[in-house]
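Written out below as structure tokens is the structure these notes cover.
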Amino acid sequence: MEGWTLETKAIVTKKILTEASGYLDVGFTHSLNPYSGCRFSCLYCYVRELPIQRFKDRPWGEWVEMKSNAAESYRKEIKKLRQKGKPVHIYMSSATDPYQPIERKARITREILEAMLEEPPDSIQIQTRGPLITRDIDLFVQLKEKCDVLVSMTVETDREDIKRIFAPLAPGVKLRIKALKAVHDAGIRTQAAVSPVLPFTPEFPEKLEPVADRVWIDTLTIGDGAMGRRSKRLGMPKLFEAHELSDWYLDDLHARVERYFHKTFPRDRVFVSKTGAFPVK
Ligand code: SF4
């Protein structure tokens, strides 16, 4: 099965802050990826369709490159940006998960956060599926005194059986919600990223409401950066069909889910797709 073996190597990156474009061009100035590759290996991951994976000889999920000089690079790059008077709104991460299993030992994400305490950006949104993020709550608590911090945990569904079909190597959803609660309880702003929406139970919004300051909804059809074409190439419509879930593969799913979440969340806490993905104060 894909994802059982893993090849890791340390690399030296030329640049750790990448200018934001495409989906992130809504107020973020840079994306920051501490790693290349991602062990979580979600079947719907659009990075599988990007050049970084298409030109690799190993399948997605079976290789991870650790950017060993990431913190040092960050320090240099932000100093230069500040000298030019530029704003720095960071999205970490767009093409990897900063809290995938290797981070427990490699601590590259943690080192970057430590560098941010010395040279803070204007804002940072941390996007992850990894409960390991709770290890760094001490740093977020300090960082939020210096810049805007939002921790966004992907919770695509509250059904473990569904998670196992679409993201078998990603952490369980209960663990993710528990981690989001720990971050929220520490006074850090949190987001539940229901992205991509997968079939969920009627109680899903009630499970997220106490732990998420905001909910951000996106789907495989409008949120893959290619209006559903990437998801199609990844075989998502067929996978839904094979599990008799096609009722959930709809062009207007985002609007239906938004309406459903409004029954539990006030309107100003629910956001949809690209227009709702801006840096949050
Ligand atoms: S956690 Fe994110 S980057 Fe990693 S495989 Fe899943 S969708 Fe892709």
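Everything numeric in this text was worked out from a predicted model, so none of it was measured. Only this structure's heavy atoms are used, side chains among them; waters, hydrogens and symmetry mates stay out. Along the sequence shown, residues carry numbers from 1.
Listed here is the closest heavy atom pair of Y74 and P120: OH-C, 3.8 Å. When all heavy atoms of V141 and A186 are compared, the closest pair comes out as CG2-O, 4.0 Å. Of all the heavy atoms in P121 and R82, the pair that sits closest is C-NH2, 3.4 Å. Residues V64 and C38 approach most closely at CG2-N, 4.3 Å, considering heavy atoms. Residues R269 and E209 come closest through the heavy atom pair NH1-OE2, 3.0 Å. Between I162 and T157, the closest heavy-atom pair is CG2-CG2, 4.0 Å.
Using a 4.0 Å cut-off between a side-chain N of Lys or Arg and a carboxylate O of Asp or Glu, E160 and K174 do not qualify as a salt bridge. Salt bridge annotation for E62-K56: absent, with no cationic side-chain nitrogen under 4.0 angstrom from a carboxylate oxygen.
The one candidate from V211, L208, V149, V183 that meets the side-chain contact (heavy atoms from CB on, under 4.5 Å) condition with T190 is V183.
With N33 contributing its side chain and S94 its backbone, the two residues share a donor-acceptor pair below 3.5 Å. E258 contributes no side-chain N or O that, together with a main-chain N or O of L253, makes up a donor-acceptor pair within less than 3.5 Å. Using modelled atom types, no side-chain atom of D122 and backbone atom of D148 make a donor-acceptor pair closer than 3.5 Å. Looking at Q100, its side chain does come within 3.5 Å of a backbone N or O of R39 through a donor-acceptor pair.
Counting only heavy atoms from C-beta outward, the side chains of I165 and L198 never approach each other to under 4.5 Å. Counting heavy atoms from C-beta on, the side chains of R176 and T128 never come closer than 4.5 Å. Using a 4.5 Å heavy-atom cutoff, the side chains of H30 and E19 are in contact. At least one side-chain heavy atom of T96 sits under 4.5 Å from a side-chain heavy atom of P34. Within the 4.5 Å cutoff, the side chain of R189 has no heavy atoms near those of the V151 side chain. The side-chain heavy atoms of F140 and I133, taken from C-beta on, include a pair separated by under 4.5 Å. At least one side-chain heavy atom of I90 sits less than 4.5 Å from a side-chain heavy atom of M116. Using a 4.5 Å heavy-atom cutoff, the side chains of V173 and R159 are not in contact.
I11 and W60 sit in two unconnected hydrophobic clusters of ILVMFWY residues. Membership requires side-chain heavy atoms under 4.5 Å apart, directly or through other members. Both F240 and L250 are assigned to one and the same hydrophobic cluster, defined by single-linkage of ILVMFWY side chains at heavy-atom distances under 4.5 Å. Criterion: ILVMFWY side-chain heavy atoms under 4.5 Å apart, direct or through other members. Under it, L175 and Y99 are not part of a common hydrophobic cluster. Note: the hydrophobic cluster containing F166 does not contain F40 (ILVMFWY, side chain heavy atoms under 4.5 Å, direct or indirect links).
In K15, the NZ atom is crowded: over 12 heavy atoms of neighbouring residues, nucleotides or ligands sit closer than 6.0 Å. More than 12 non-hydrogen atoms from other residues, nucleotides or ligands lie less than 6.0 angstrom from NZ of K274. More than 12 heavy atoms of other residues, nucleotides or ligands shown are found within 6.0 angstrom of CG on D185.
Among pairs with a residue in residues 227-250, those fulfilling salt bridge (charged side-chain N to carboxylate O under 4.0 Å, His left out) read E49-R233, at least two apart in sequence or across chains.
Here CH2 of W63 is found 10.5 Å from CG of L6. Values are rounded to the nearest 0.5 Å.
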What donor-acceptor contacts under 3.5 angstrom involve side-chain atoms of residues 104-115, with partners at least two apart or in another chain?
residue, atom, partner, partner atom, Å
T109, OG1, P98, O, 2.7
T109, OG1, E103, OE1, 3.4
R110, NH1, D136, OD1, 2.7
R110, NH1, D138, OD1, 3.1
R110, NH2, D138, OD2, 2.9

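For the 3.5 Å distance criterion, the side chains of R214 and Q191 qualify, holding a donor opposite an acceptor.
Not less than 6.0 angstrom separates the ring centroid of F261 from the ring centroid of F271.
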Task: Step-by-step side chain to side chain donor-acceptor pair (under 3.5 Å) determination, E206 to T264 - done: CA-CA 7 Å; E206 287 153 34; T264 306; 4.6 Å; no
- [ ] Tell me, with the steps shown, if K86 and E77 meet salt bridge (charged side-chain N to carboxylate O under 4.0 Å, His left out).
- [x] CA-CA 11 Å; K86 301 255 180 171; E77 290 169 44; over 6 Å; no
